[in-house]
Amino acid sequence: MLEATLSALEQSARLRIAGAQSLEELEAVRVDALGRKGTLAQASKEMGKVPAEERGRIGKLLNAVKQQLEEALDAKKRHFEEAALKARLDSEWIDLTLPAAGVPRGHLHPISKIQAEIEDLFISMGFVVLDGPEVETEYHNFDALNIPADHPARDMQDTFWVEGGHVLRTHTSPVQVRGMEKLGPPLRMIAPGRVFRNESVDASHDHTFYQLEGMMIDRDVSVGNLTYFMKTLLGSIFGREVTVRLRPGFFPFVEPGFELDIQCLLCGGPGCAVCKQSGWVELLPCGLVNPNVLRMSGIDPEEWNGFAFGLGMTRLVMMRYGIDDIRQLQSGSLRFLNQF
Ligand code: FA5
């Protein structure tokens, strides 16, 4: 009698185990069959009614049913756990050979790019790159460049004066003086940097802009040497012939002095806001170093001479990239900068 009950009980539990769809359903089967108040526990209460000679056999049968159901439950449980693990691994699988998702990267400002190109070019021709302070002494910015206090040339550049008689340097030319003082002749140097002028801003004038100074001091330096370096510089930056004109220019620290203008690459000549309708852009004033300047920095002008130039680097960048308003360059606008 009990034997038949056990067999029916086992069969029904096995069917439910096979049909279970989740760990929760499986647990319910386990509680119903093997729990303290489950069907197997109920059946074992019937053991007392089993004749004594049958008890051993039926007892073993009861244990065997219990053990087999436990094994079936464990097997099904493992099946669920393995399926869950596989699903998790499938969903988390990543292909390590795929390239990483793009991280947005910044890039150099167009002025920094051109500056680096010019530095490389001049370094390849034996020049050193020098740096100087942006807050400069009046002596280095003016006096040592042959511009004494009462000289009208001081008015050529509108100056920001700083307390204590210092100035925000109006040009990179004071670095010439520092180069001569520190290194002496022979000297081949360039000095890129930020300069400041107290003047009104328009499409081609900013109050803060970049220049790049150049100076060569040696024996027998000529205007021919100067024009060679100017041509090499422009050829390398523009990678093609650009139309230039050389005209006399006055700067107290050079004699003779020149203005090298470039034909406006924004309008191509007829005139625009950048070239002030003239078709030409002032870019590269230059000349042979005034003997007074050499003398003031302790260099004997009887033995040494040289050339110097002061490239308007911000304007060069405008010409190179076709930028029609200087104010864009320091606007910090990413819409503008992302184009380069
Ligand atoms: C000078 O500053 C001289 N120190 C250059 C020099 C050096 C001459 C060595 C001779 C020998 P100038 O004031 O012209 O020169 O300025 C040089 C260049 O800077 C100009 O040709 C122009 O390209 C640029 N520049 C001048 N003012 C501005 C401005 N407000 N905004 C942008 N660029 C300017």
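These numbers come from a predicted model, not from an experiment. First listed ligand is number 1; within each ligand, the first listed atom is number 1.
- Using a 3.5 Å distance cut-off with no hydrogens or angles, the side chains of T208 and D206 do not pair a donor with an acceptor.
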TODO: Output, in order, the C-alpha distance, side-chain angles, deciding distance and verdict of salt bridge (charged side-chain N to carboxylate O under 4.0 Å, His left out) for R30 and E27.
DONE: CA-CA 5 Å; R30 194 190 63 76; E27 178 61 10; 2.9 Å; yes
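- Residue contacts with ligand 1: M313 is excluded, as none of its non-hydrogen atoms falls under 4.0 Å.
- Ring to ring, H171 and F253 are close: their centroids are under 6.0 angstrom apart.
- Which parts of ligand 1 touch E199 is read off a 4.0 Å heavy-atom cut-off, strictly below it: atoms 30 (N).
- The only option from K276, R245, R247 that meets the salt bridge (charged side-chain N to carboxylate O under 4.0 Å, His left out) definition with E282 turns out to be R247.
- Within the 4.0 Å heavy-atom cutoff, G249 does not count among the residues contacting ligand 1.
- At a 4.0 Å heavy-atom cut-off, ligand 1 touches I326 through the side chain alone.
- Of the protein's heavy atoms, G312 CA, 3.8 Å lies nearest to atom 24 (C) of ligand 1.
- Of the listed residues (D206, L283, D158), the one carrying the non-hydrogen atom nearest atom 31 (N) of ligand 1 is D206.
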TODO: Apply side-chain contact (heavy atoms from CB on, under 4.5 Å) to V242 and Q263, showing your working.
DONE: CA-CA 7 Å; V242 284; Q263 191 172 57; over 6 Å; no
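- Taking the ring centroids of F309 and F229, they lie at or beyond the 6.0 Å cut-off.
- Between the side chain of S278 and the backbone N or O of W280 there is at least one donor-acceptor pair closer than 3.5 Å.
- Considering backbone and side-chain atoms alike, H205 places every N or O at 3.5 Å or more from each N or O of ligand 1.
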TODO: Decide yes or no on salt bridge (charged side-chain N to carboxylate O under 4.0 Å, His left out) for E213 and R178, but give the supporting numbers first.
DONE: CA-CA 12 Å; E213 198 77 8; R178 292 183 178 276; over 6 Å; no
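- The hydrophobic cluster containing F196 also includes V135, F160, V162, L168, under a criterion of side-chain heavy atoms closer than 4.5 Å among ILVMFWY residues, counted directly or through chains of members.
- Among residues at least two apart or in separate chains, there is no salt bridge (Lys or Arg N to Asp or Glu O under 4.0 Å) pair with a member in residues 331-340.
- Close approach of ligand 1 to H171 (heavy-atom distance below 4.0 Å) involves ligand atoms 2 (O), 3 (C), 4 (N).
- With distances taken over non-hydrogen atoms, the option nearest atom 27 (N) of ligand 1 out of F250, F196, F209 is F209.
- Not a single heavy atom of H207 sits closer than 4.0 Å to an atom of ligand 1.
- Scanning the protein for heavy atoms near atom 22 (C) of ligand 1, the closest one is R315 NH1, 3.3 Å.
- Contact atoms of ligand 1 toward C286: 10 (C) (distance under 4.0 Å to a heavy atom of the residue).
- Near G310, with a cut-off below 4.0 Å to any heavy atom, the atoms of ligand 1 are 5 (C), 6 (C), 7 (C), 9 (C), 17 (C), 18 (C).
- Of the candidates M215, R197, E282, Q211, R197 brings a heavy atom nearest to atom 13 (O) of ligand 1.
- Listed by number with element, the atoms of ligand 1 under 4.0 Å from a non-hydrogen atom of S204 are 31 (N), 32 (C).
- Under 4.0 Å from ligand 1, the heavy atoms of F309 that appear belong solely to its backbone.
- The atoms of ligand 1 that sit less than 4.0 Å from any heavy atom of Q176 are 9 (C).
- A side-chain donor from one of T137 and H140 sits under 3.5 Å from a side-chain acceptor of the other.
- S7 contributes no side-chain N or O that, together with a main-chain N or O of E3, makes up a donor-acceptor pair within less than 3.5 Å.
- With hydrogens left out, the protein atom closest to atom 15 (O) of ligand 1 is F251 CE2, 3.5 Å, a heavy atom.
- Of all protein heavy atoms, the one closest to atom 5 (C) of ligand 1 is P285 CG, 3.6 Å.
- Judged by the shortest distance from any of its heavy atoms, G257 lies outside the 4.0 Å radius around the atoms of ligand 1.
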